[in-house]
Amino acid sequence: MNFTQHYLQSTLEIAQKLDRTAIERMVRLLIELRSKQGRLFILGVGGGAGHAGHAVCDFRKIAGIEAYAPSDNVSELTARTNDEGWETTYAEWLKTSRLSERDMLLVFSVGGGDLDRNISPNLVRALQHAREVKAKIIGVVGRDGGMTAKVADACVVVPTVDEKLVTALTESYQAVVWHLLISHPEIQKASMKWEGVAK
């Protein structure tokens, strides 16, 4: 089996193992969030930050959910990093945004955050703040899911099928899961462009 076949076979194996119950819990929580006019704050670092910006667009435009990503404002992110340190960047951003029990965090992270190993400490601090204000937490993470999986109200932990592809496959499935969510008939509010264009 060559690498292309192996990668695609791995994605198929993950699709078969993915926790459908966790995804359905996420659906219910997002419906509840929108019904009470709460906001969705999408957090990620590296590839997860890139996903966050794209997902904000989809949740706002397609699902009709007010959504934001702190990583989209590079000026504020770098100012906070420079002046206060990386660890508190997202938590302080969320405090300024007055995160409350009506709101929700969505985390895209391979490791899920771990202070002991200094992995994504800014995600951990944001999760701690969310718990303090009783905001809901959902996430799509890899391996054991770190702090995100421990504290989330619903979390999809992408199964590890190849230790050498943990990051690539986790980030691939983050996109799969959020597109599933915004396409879900109970969440989708607006039609997507290409589904409405005649052949």
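Fair warning: this is a prediction, and the values are worked out from it, not measured in the lab.
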How far does NE2 of His54 sit from CG of Asp72, to the nearest 0.5 angstrom? 12.0 Å
Looking only at atom types and distance, does a side-chain atom of Gln188 sit under 3.5 Å from a main-chain N or O of Ala190, one as donor and one as acceptor? yes
In Å and rounded to the nearest 0.5 Å, what is the NE2 to OG distance from His51 to Ser109? 11.0 Å
Do His184 and Glu24 come close enough that some side-chain heavy atom pair is under 4.5 Å? yes
Can you find a heavy atom in the side chain of Cys155 that is under 4.5 Å from one in the side chain of Lys150? no
Tell me if a side-chain donor or acceptor on Arg39 pairs with a main-chain N or O of Ser97 at a distance below 3.5 Å. yes
Is it the case that the side chain of Thr148 and the backbone of Gly112 share a donor-acceptor pair, with hydrogens and angles ignored and the cut-off at 3.5 Å? yes
If I take atom CG from residue Leu40 and atom CD from residue Glu66, how far apart are they, to the nearest 0.5 angstrom? 10.0 Å
Smallest heavy-atom separation, Arg25 atom then Ala154 atom, equals CB-CB, 3.8 Å
Determine yes or no for a side-chain-to-main-chain donor-acceptor pair under 3.5 angstrom, with Arg60 supplying the side chain and Ala67 the backbone. yes
If you compare all heavy atoms of Tyr7 against all heavy atoms of Leu165, which two are closest, and at what distance to 0.1 Å? CD1-CD1, 4.0 Å
Is a side-chain donor or acceptor of Thr89 paired with a backbone partner of Gly85 at a separation under 3.5 angstrom? no
Within a reach of under 6.0 Å around CD of Gln5, are more than 12 heavy atoms found that belong to other residues, nucleotides or ligands? yes
Crowded around Glu101 CD? As in, over 12 foreign heavy atoms under 6.0 Å? no
How close do Lys95 and Glu92 get, heavy atom to heavy atom, and via which atoms? NZ-OE2, 3.0 Å
Quick one: do Val161 and Leu8 end up in the same hydrophobic cluster if we chain Ile, Leu, Val, Met, Phe, Trp and Tyr together by side-chain heavy atoms under 4.5 Å apart? no
Over 12 non-hydrogen atoms of neighbours within 6.0 angstrom of NZ in Lys36: yes
Distance, nearest 0.5 Å, that separates OG1 of Thr21 from CD1 of Ile23: 9.0 Å
With the side chain counted from C-beta on, respond yes when His179 and Asp58 share a heavy-atom pair under 4.5 Å apart, and no when they do not. yes
Considering only heavy atoms from C-beta outward, does the side chain of Leu106 approach that of Phe59 to under 4.5 Å? yes
Is it possible for you to say whether Val158 and Val166 belong to one hydrophobic cluster, with membership spreading through side-chain heavy-atom contacts below 4.5 Å? no
Other than Met147, what residues sit in its cluster of Ile, Leu, Val, Met, Phe, Trp and Tyr side chains whose heavy atoms are under 4.5 Å apart, directly or through others? Phe41, Leu43, Val45, Tyr68, Leu77, Trp86, Tyr90, Trp93, Leu94, Leu99, Leu105, Val107, Leu115, Leu123, Val124, Leu127, Val133, Ile137, Val151
side-chain hydrogen bond (donor to acceptor under 3.5 Å, both in side chains) assessment of Arg80 paired with Ser75: CA-CA 9 Å; Arg80 287 191 181 282; Ser75 296; over 6 Å; no
Please name the pair of heavy atoms, one in Ala69 and one in Ala52, separated by the smallest distance, quoted to 0.1 Å. CB-CB, 3.9 Å
Contacts of Arg34 that satisfy side-chain hydrogen bond (donor to acceptor under 3.5 Å, both in side chains) - sequence neighbours left out: none
Can you get from Leu12 to Leu180 by hopping between Ile, Leu, Val, Met, Phe, Trp and Tyr side chains that sit under 4.5 Å apart? no
Intermediate values then yes/no, side-chain hydrogen bond (donor to acceptor under 3.5 Å, both in side chains), Gln128 and Arg125: CA-CA 5 Å; Gln128 289 171 336; Arg125 296 301 184 204; 2.9 Å; yes
Rounded at 0.5 Å granularity, tell me how far CG in Leu33 sits from CE in Met26. 12.0 Å
Ion pair Glu186/Arg28, N-O distance below 4.0 Å: yes
Same hydrophobic cluster for Val156 and Trp178, using side-chain heavy-atom links shorter than 4.5 Å among ILVMFWY? yes
Contact summary for Leu29 and Met104, nearest pair of heavy atoms: O-CE, 3.4 Å
Does Val157 belong to the same Ile/Leu/Val/Met/Phe/Trp/Tyr cluster as Val27, with side-chain heavy atoms less than 4.5 Å apart forming each link? no
So do the side chains of Val110 and Glu171 get within less than 4.5 Å of each other, counting heavy atoms only? yes
Do Phe108 and Thr170 have side-chain heavy atoms sitting under 4.5 Å apart? no
Mind checking the CD1-CD1 spacing from Ile187 to Ile31? Nearest 0.5 Å is all I need. 5.5 Å
Can you tell me if Thr160 uses its side chain to pair, donor with acceptor, with the backbone of Asp162 under 3.5 Å? no
